[in-house]
Amino acid sequence: MSAFPAVAQVPAARSPIKVLVADDSAVVRGLVSRWLSEAGHEVVATAPNGRAAVDALARCNPDVVLLDIEMPELDGIQALPLMLAKQPGIQVVMMSTLTQRNADVSLRCLSLGAVDYIPKPESNRGVTTSDGFRNDLLERIRVFGAARARRRPAPTAVEAATSAAPAAPAVSRLSGTVTLRPKPRTVAPPRVLLIGSSTGGPRAVGEVLEKIGAATLRRVPVLIVQHMPPVFTAVFAEHLGARIGLPAAEGKADERVQPGRIYVAPGGRHMRLSGSAADTVIRLDDGPPVNFCRPAVDVMFLDAAALYGGATLTVILTGMGSDGTAGARALVEAGGTLLAQDEATSTVWGMPGSVAKAGLCHAVLPLPEIGPALRSAIAERV
């Protein structure tokens with residue numbers, strides 16, 4: 001089962017998405033090229049190493065680059081900044097096997113400007129027989145190819161606002177109109193910060209927490225569900241801890257939640273909560289995927305709503321699909337505060353767009369404004 005959400009297919013674009021495939025395995029290059037062609041995309045070039053991929057970039061002008069991490073001459077992490085320098089805004093998706101080293105390198109690539117990564121089976125035979133890898137790859141090509149085409153014109157800035165007025169304001173954006181919820185008349189001091197994210201999330205989560213700052217984050221526990229496979233979530237937590245300067249790790253079974261600590265749902269398992277708001281305990285669940293995801297944002301959000309009531313502060317960041325919407329509804333109906341990332345700064349406006357369009361958000365903000373808004377909410381109410 002994939003750790004990433006499945007997204008409903010949409011009609012094919014009028015013009016095919018142009019893809020450059022860089023992998024040192026001829027088998028992988030051939031197989032991936034065939035999948036892409038069968039899906040109606042155009043493979044404009046293939047490359048056996050990073051140097052050839054960089055050289056091919058100007059000639060073929062792709063919409064999306066699939067870039068393997070481990071290649072001779074010039075590996076993926078060396079080739080990535082050269083590609084972004086040649087074509088700023090190019091959509092680069094990293095491919096790597098599920099090892100701790102590759103998870104670390106993949107997350108570093110995201111911080112350098114890659115838009116996403118795809119875990120790759122370790123053997124050519126695994127690549128050939130893995131429907132999950134094929135489906136994840138084709139979905140990302142569809143999403144990022146469309147994003148590349150959509151972002152060629154300068155995007156319209158998305159207005160975001162919070163309001164204490166009884167009437168809820170409307171926020172206009174390219175995809176329609178979103179109605180914000182009025183701020184609750186009485187707001188309980190937040191006892192927990194909840195974060196849900198997926199595609200593009202590692203970079204967004206890090207930026208948000210850094211802008212909140214360790215001093216403020218010491219007042220509340222931070223619980224994160226980021227759609228990631230096993231191995232990657234542990235490395236993601238390590239990166240957050242080093243960046244923010246607070247203890248950060250995967251949540252462990254029967255672990256008591258404490259302020260000033262960051263808990264990341266482990267890949268392949270739901271992170272549930274039990275006990276009470278004053279004594280919250282993490283439970284790990286191997287139950288079926290929810291919204292095609294395990295861990296799922298909804299699972300943690302629903303438990304948090306039951307335990308904390310209105311004493312929650314929640315943000316949904318960039319990601320595919322709609323995971324988190326049902327849990328967000330429970331949180332705001334219990335009196336909690338919900339923010340979402342806006343469309344213009346999201347890698348994919350799926351999860352945040354879903355809660356925004358459902359009318360569940362108290363604010364829809366550009367990524368640089370989310371951290372300061374959360375910092376103020378924590379500092380003013382604690």
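Numbers here are sequence positions counted from 1. Computed from heavy atoms alone, side chains included, the values below leave out hydrogens, waters and symmetry copies. Here the structure is a predicted model, which means the values were calculated and not measured.
At least one side-chain heavy atom of Pro366 sits less than 4.5 Å from a side-chain heavy atom of Thr345. Residues Leu80 and Leu67 form a side-chain contact, since some pair of their non-hydrogen atoms from C-beta on lies under 4.5 Å apart. A 4.5 Å side-chain heavy-atom check between Phe236 and Leu107 finds at least one atom pair inside the cut-off. Arg203 has its side chain out of reach of Ser111: every pair of non-hydrogen atoms, C-beta onward, lies at least 4.5 Å apart. Contact of the Thr199 side chain with the Arg140 side chain is registered, since non-hydrogen atoms from C-beta on lie closer than 4.5 Å. His270 is not listed as a side-chain neighbour of Cys293, based on a closest heavy-atom distance of 4.5 Å or more. Between Ile69 and Ser106 the shortest side-chain heavy-atom distance falls below 4.5 Å. Side-chain contact check for Leu223 versus Leu193: every heavy-atom pair is 4.5 Å or farther apart.
Note that CG of Leu194 is 8.0 Å distant from CG of Leu313, once rounded to the nearest 0.5 Å. To the nearest 0.5 Å, atoms CZ (Arg269) and CZ (Arg294) are separated by 9.5 Å. A distance of 7.0 Å separates OG of Ser274 from CG of Leu307, quoted to the nearest 0.5 Å. Leu240 CG to Glu238 CD: the interatomic distance, rounded to the nearest 0.5 Å, is 10.5 Å. Between Ser96 atom OG and Glu122 atom CD the span is 10.5 Å, to the nearest 0.5 Å. Put simply, CZ on Arg29 and CZ on Arg34 are 15.5 Å apart, with the number rounded to the nearest 0.5 Å.
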Glu70 vs Arg101, salt bridge (Lys or Arg N to Asp or Glu O under 4.0 Å): CA-CA, chis, key distance, verdict: CA-CA 11 Å; Glu70 296 178 312; Arg101 176 189 176 276; 3.8 Å; yes

Stepwise side chain to side chain contact (heavy atoms under 4.5 Å, CB included) test for His362 and Val332: CA-CA 9 Å; His362 297 96; Val332 298; 4.0 Å; yes

Cys361/Val178 under side chain to side chain contact (heavy atoms under 4.5 Å, CB included): CA gap, chis, key distance, verdict: CA-CA 9 Å; Cys361 298; Val178 169; 5.9 Å; no

Worked verdict on His239 versus Asp104 for side chain to side chain contact (heavy atoms under 4.5 Å, CB included): CA-CA 8 Å; His239 279 229; Asp104 181 74; 2.7 Å; yes

Check against side chain to side chain contact (heavy atoms under 4.5 Å, CB included), Tyr263 and Gln258: CA-CA 10 Å; Tyr263 304 87; Gln258 299 177 20; 3.8 Å; yes

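Judged by distance alone, the side chain of Asp323 and the main-chain N or O of Val297 form a donor-acceptor pair under 3.5 Å. A donor-acceptor pair is defined here as one N or O able to donate and one able to accept, closer than 3.5 Å; no such pair exists between the side chain of Gln341 and the backbone of Pro352. The backbone N or O of Gly350 sits nowhere less than 3.5 Å from a side-chain atom of Ser354 that would complete a donor-acceptor pair. Of the possible polar contacts, one joining the Thr318 side chain to the Val348 backbone as a donor-acceptor pair under 3.5 Å is found. Thr312 places no side-chain N or O within 3.5 Å of a backbone atom of Tyr308 that could act as its donor or acceptor partner. Glu73 places no side-chain N or O within donor-acceptor distance of the main-chain N or O of Met71, the cut-off being under 3.5 Å. Judged by distance alone, with hydrogens and angles left aside, the side-chain atoms of Gln78 form a donor-acceptor pair with the main-chain N or O of Asp75 at under 3.5 Å.
Ile282 is not connected to Leu302 by any chain of hydrophobic side-chain contacts under 4.5 Å among Ile, Leu, Val, Met, Phe, Trp and Tyr, and they are in different clusters. The cluster map of Ile, Leu, Val, Met, Phe, Trp and Tyr, joined by side-chain heavy atoms under 4.5 Å apart, puts Ile77 and Ile90 in the same cluster. Note: the hydrophobic cluster containing Met320 also contains Phe133 (ILVMFWY, side chain heavy atoms under 4.5 Å, direct or indirect links). Note: the hydrophobic cluster containing Ile262 also contains Leu110 (ILVMFWY, side chain heavy atoms under 4.5 Å, direct or indirect links). Neither Val299 nor Val257 shares a network with the other; the hydrophobic side chains, linked directly or stepwise wherever heavy atoms of I, L, V, M, F, W or Y lie under 4.5 Å apart, form separate groups for each.
Sorted by first and then second residue, the side chain to side chain donor-acceptor pair (under 3.5 Å) pairs with a member in residues 246-257 read Thr233-Glu250, Asp254-Arg283, Arg256-Asp279; sequence neighbours excluded.
Looking at every heavy atom in both residues, Ala53 comes nearest to Leu20 through O-CD1, 3.8 Å. Annotation for His227 and Ser198: closest pair ND1-OG, 2.9 Å, computed over non-hydrogen atoms. Nearest heavy-atom pair across Ala356 and Trp349 is CB-CZ2, 3.9 Å. Closest heavy-atom contact between Leu284 and Gly251: CD1-O, 3.7 Å. Listed here is the closest heavy atom pair of Gly145 and Val64: N-CG2, 3.6 Å. Heavy-atom minimum distance, Asn124 versus Ser25: OD1-OG, 3.2 Å.
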Only pairs under 3.5 Å count here: list side-chain donor-acceptor contacts from residues 206-214, not counting sequence neighbours, and write none if there are none.
residue : atom : partner : partner atom : Å
Glu210  : OE1  : Arg243  : NE           : 3.4
Glu210  : OE1  : Arg243  : NH2          : 3.0
Lys211  : NZ   : Pro368  : O            : 3.4

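Just one residue in the list Asn102, Thr97, Asp23, Asp136 forms a side-chain hydrogen bond (donor to acceptor under 3.5 Å, both in side chains) with Lys120, and that residue is Asp23.
Side chains of Asn49 and Asp24: a donor-acceptor N/O pair is absent below 3.5 angstrom, by distance only.
Ion pairing of Asp63 with Lys18 is absent here, as no side-chain N (NZ or NE/NH1/NH2) approaches a carboxylate O to less than 4.0 Å.
Heavy atoms of other residues, nucleotides or ligands lying less than 6.0 angstrom from CZ of Arg51 number 12 at most.
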